[in-house]
Amino acid sequence: MVRKMIVMMMVLAIGLLVGCGGGGGGPALITGQVLSDQRNDGDITSTGIITAAAANRNVLFGVSPGTEYRAFLDFPLNGTNGGSVIPVDARVASADLTVFVNSINVAAAIPTLLDLVAYSSTTGPVLNDYNSATLTPTSFRSLTFLQSTDVGNFVRIDVTPLVQDALVQGVSHVQFRFLYDFVANPNGIVELADGAADKAPLLTITYQ
């Protein structure tokens, strides 16, 4: 008898929760996607050369003898590049950056630092951005590109904390910088595709 009463009480409790919307209700998750704005992508070298990403061009980062390259990618959240519009007050649940690796030269593994920056210009990266501070002290992460598995493939990078930082700052563009995370023998260059849309860098954001 007691057991039947407990079961009846559980059924009643579940019914009340469903009726009151207590079964995990809340704002639905929305997923938006933004391709990088090739007009504002590019790379900068330690010797002061800036290269904008023209049609079907790629961006480089890493080190060749005597020269370091740093790559910059720009993702407008306001729809100006034809992508999704992400509200400035969005609560980011997850975010992924997907890049296509065209090549990795010399080194078998490229230790990489990926951080957020705020361009000094609205027309692409400028020399000041080469050594600019990260958007916030926590707006970075480390990863490694591998010649054996990543060349000729898409690489998905979890950038959830970085995009959360960006939206807290109220930016309308999420701007990433790739640079070599130095080790004893630093020579190695990664070439990321930044041409045709089917291989262009893509930022996917799921939010409320």
Side-chain angles (χ1 to χ4, degrees), residues 35-76 96-159 161-162 165-166 171 173-196 199-203:
L35 290 171
S36 72
D37 188 346
Q38 195 179 65
R39 298 164 297 182
N40 286 342
D41 296 343
D43 47 51
I44 306 175
T45 73
S46 55
T47 56
I49 297 174
I50 304 171
T51 307
N56 296 316
R57 190 194 170 273
N58 305 313
V59 293
L60 308 175
F61 75 92
V63 174
S64 64
T67 304
E68 181 186 355
Y69 294 77
R70 297 182 178 181
F72 295 78
L73 300 176
D74 173 64
F75 295 88
D96 294 330
L97 171 61
T98 304
V99 293
F100 187 88
V101 181
N102 271 1
S103 66
I104 297 177
N105 294 321
V106 183
I110 306 291
T112 302
L113 186 66
L114 173 63
D115 63 1
L116 282 179
V117 293
Y119 285 8
S120 305
S121 166
T122 59
T123 57
V126 297
L127 286 179
N128 286 344
D129 298 321
Y130 182 85
N131 279 322
S132 64
T134 57
L135 186 64
T136 78
T138 61
S139 301
F140 69 91
R141 62 154 298 175
S142 297
L143 65 148
T144 300
F145 284 90
L146 300 174
Q147 193 178 62
S148 60
T149 58
D150 294 337
V151 174
N153 291 310
F154 289 97
V155 174
R156 184 186 66 82
I157 306 166
D158 184 354
V159 292
L162 280 68
D165 283 349
V171 301
H173 291 240
V174 175
Q175 295 169 327
F176 292 102
R177 174 175 56 190
F178 286 86
L179 57 152
Y180 204 109
D181 199 357
F182 282 102
V183 292
N185 299 302
N187 290 337
I189 293 286
V190 179
E191 181 182 65
L192 302 178
D194 196 14
K199 292 183 179 178
L202 176 69
L203 181 61

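Position 1 is the first residue of the sequence; numbering continues from there. Only this structure's heavy atoms are used, side chains among them; waters, hydrogens and symmetry mates stay out.
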Seminar exercise, completed: Value for OG1 (Thr98) from CZ (Arg156), rounded to nearest 0.5 Å, stands at 7.0 Å
Problem set entry | Closest approach of Leu60 to Tyr69 (non-hydrogen atoms, all atoms of both residues) | O-CB, 3.7 Å
For this session: Is it possible for you to check whether Arg70 lies under 6.0 Å from the centre of the six-membered ring of Phe61, through NZ or CZ, and within 45° of that ring's axis?
Result: no
Seminar exercise, completed: Asp150 meets the side chain to side chain donor-acceptor pair (under 3.5 Å) criterion, sequence neighbours left out, with none
Exercise. Stepwise, does the side-chain hydrogen bond (donor to acceptor under 3.5 Å, both in side chains) test hold for Thr136 with Ser139?
Worked result: CA-CA 5 Å; Thr136 78; Ser139 301; 2.6 Å; yes
Exercise. Is there a donor-acceptor pair under 3.5 Å between the side chain of Asp43 and the backbone N or O of Phe72?
Worked result: no
For this session: State whether the side chain of Thr112 and the backbone N or O of Ile110 hold a donor-acceptor pair below 3.5 Å, judged by distance alone.
Result: yes
Exercise. Nearest 0.5 Å, what's the CG-NZ distance between Leu192 and Lys199?
Worked result: 12.5 Å
Exercise. Which residues pass the salt bridge (Lys or Arg N to Asp or Glu O under 4.0 Å) test with Arg141, sequence neighbours left out?
Worked result: none
For this session: To the nearest 0.5 Å, tell me how far Thr134 OG1 sits from Leu116 CG.
Result: 8.0 Å
For this session: Could you tell me whether a side-chain N or O of Thr45 sits under 3.5 Å from a main-chain N or O of Ile49, the two making a donor and an acceptor?
Result: yes
For this session: May I ask you to decide if Tyr130's main-chain N or O and Arg177's side chain share a donor-acceptor pair within less than 3.5 Å?
Result: yes
Seminar exercise, completed: One should read off an interatomic distance between Leu73 CG and Leu202 CG, to the nearest 0.5 angstrom, of 11.5 Å
For this session: Give a yes or no on this: more than 12 heavy atoms of other residues, nucleotides or ligands lie within 6.0 Å of atom CZ of Phe140.
Result: no
Distance-only check: which donor-acceptor pairs under 3.5 Å involve side-chain atoms of residues 99-108, not counting sequence neighbours?
| from | atom 1 | to | atom 2 | distance (Å) |
| --- | --- | --- | --- | --- |
| Asn102 | ND2 | Asn58 | OD1 | 3.4 |
| Ser103 | OG | Glu191 | OE1 | 3.3 |

